[in-house]
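Here is the structure we will look at, set down as structure tokens.
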Amino acid sequence: MNRATNRNLKSCAFKYKRMGTYRQSGPIFFRKNLIMFNYAWPVVLVVLSNVLYQICAKSLPDGMDPFASLTVTYFVETVISFVLYFAMNKNGNILSEYSKMNAAPFVLGVVLVGLEVGFLYAYRNGWQVSTLSIVQSAFLAVALIFVGYLLYHEALTWNKILGVGICLIGLYFVNVN
């Protein structure tokens, strides 16, 4: 395990300890495994969801308008989010949560439509599932390295710069016939 991952796990452990969900009793391997599980399960969820997302986006009927499809998609998402909010917050007050809102959820809504429409039209225009995701992920990784550096003052290391180069080389090989 590298130093950055170890640092993130320790940070995660501190957060759980602070929230009162991190217990001092029990074998140390159990605590480390619990921390690792809590660190890893969101990534597993993202990967599995993204695989299913790509399959569904590629399977959209040719004759259906992508925007009509998105109305169904976001209706289902709204219902699930609403149900999960109250399932996770037994005495939750969603209106109180809305009062804490800034512009980010509105901008995120616009951005999500852009993501969805971009993928749907890319598939309609002939992109392959195996290629589109790799190409967009490589460009996204490169962009986020610079976003992290410029907006969040994350370190721009030689390893990250080398990773950008490898991503770009990988894009070449993915797209060579």
Side-chain angles (χ1 to χ4, degrees), residues 1-22 28-58 66 70 73-74 77 81 84 88 97 100-177:
M1 189 177 318
N2 66 29
R3 280 186 264 167
T5 303
N6 198 24
R7 220 179 7 250
N8 287 339
L9 287 175
K10 286 179 182 175
S11 172
C12 184
F14 177 73
K15 289 176 189 170
Y16 282 102
K17 187 175 182 181
R18 209 178 46 203
M19 293 183 325
T21 58
Y22 183 78
I28 192 153
F29 71 88
F30 177 76
R31 289 194 308 258
K32 284 187 176 183
N33 287 341
L34 178 63
I35 292 166
M36 188 59 156
F37 174 78
N38 288 328
Y39 188 72
W41 79 260
V43 176
V44 172
L45 179 63
V46 168
V47 169
L48 291 175
S49 296
N50 207 328
V51 167
L52 291 172
Y53 169 84
Q54 299 300 331
I55 292 169
C56 291
K58 181 78 172 166
L70 289 179
T73 300
Y74 288 120
E77 184 274 332
S81 294
L84 286 176
M88 304 285 281
E97 295 298 321
K100 302 172 190 173
M101 199 168 7
N102 61 11
F106 297 102
V107 174
L108 185 59
V110 172
V111 169
L112 287 175
V113 171
L115 277 170
E116 304 283 353
V117 170
F119 272 111
L120 295 176
Y121 276 104
Y123 284 133
R124 283 221 172 147
N125 289 314
W127 277 86
Q128 296 178 346
V129 173
S130 60
T131 307
L132 176 61
S133 185
I134 293 171
V135 170
Q136 72 83 27
S137 292
F139 280 122
L140 178 64
V142 170
L144 288 179
I145 285 174
F146 294 107
V147 166
Y149 175 73
L150 295 172
L151 296 181
Y152 300 104
H153 309 290
E154 297 174 357
L156 185 59
T157 64
W158 285 109
N159 287 343
K160 289 180 183 178
I161 294 169
L162 180 62
V164 167
I166 291 170
C167 282
L168 297 175
I169 292 168
L171 283 176
Y172 170 77
F173 284 109
V174 165
N175 289 297
V176 169
N177 290 332

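Atom CE of Met88 sits in a sparse spot, with 12 or fewer heavy atoms from other residues, nucleotides or ligands closer than 6.0 Å.
With values rounded to the nearest 0.5 angstrom, Leu156 atom CG is found 10.0 Å from Glu154 atom CD. Taken to the nearest 0.5 Å, the CD1 atom of Ile169 stands 8.0 Å off from the CG atom of Leu162. Put simply, CG on Leu171 and CD1 on Ile134 are 9.0 Å apart, with the number rounded to the nearest 0.5 Å. Between the CG atom of Leu140 and the CG atom of Leu115 there is a distance of 8.5 Å, given to the nearest 0.5 Å.
The main-chain N or O of Gln128 is never found under 3.5 Å from a side-chain atom of Lys58 such that the two would form a donor-acceptor pair.
Closest approach of Ala155 and Lys160 over heavy atoms only: O-NZ, 2.8 Å. When all heavy atoms are compared, the tightest approach of Leu70 to Glu116 is CD2-CB, 3.4 Å. Contact record, Val142 with Cys167: CG2-CB, 4.2 Å, taken as the closest heavy-atom pair.
Scanning for salt bridge (Lys or Arg N to Asp or Glu O under 4.0 Å) contacts around Glu77 gives an empty result, with sequence neighbours left out. Every ring-ring contact (aromatic ring centres under 6.0 Å, His included) that Phe119 has, sequence neighbours left out, goes to Tyr53.
Legend: ring-ring contact (aromatic ring centres under 6.0 Å, His included) pairs involving residues 120-165, not counting sequence neighbours: none detected.
With a 4.5 Å cut-off on side-chain heavy atoms, Leu48 and Val44 count as touching. Side-chain contact check for Val129 versus Ile55: every heavy-atom pair is 4.5 Å or farther apart.
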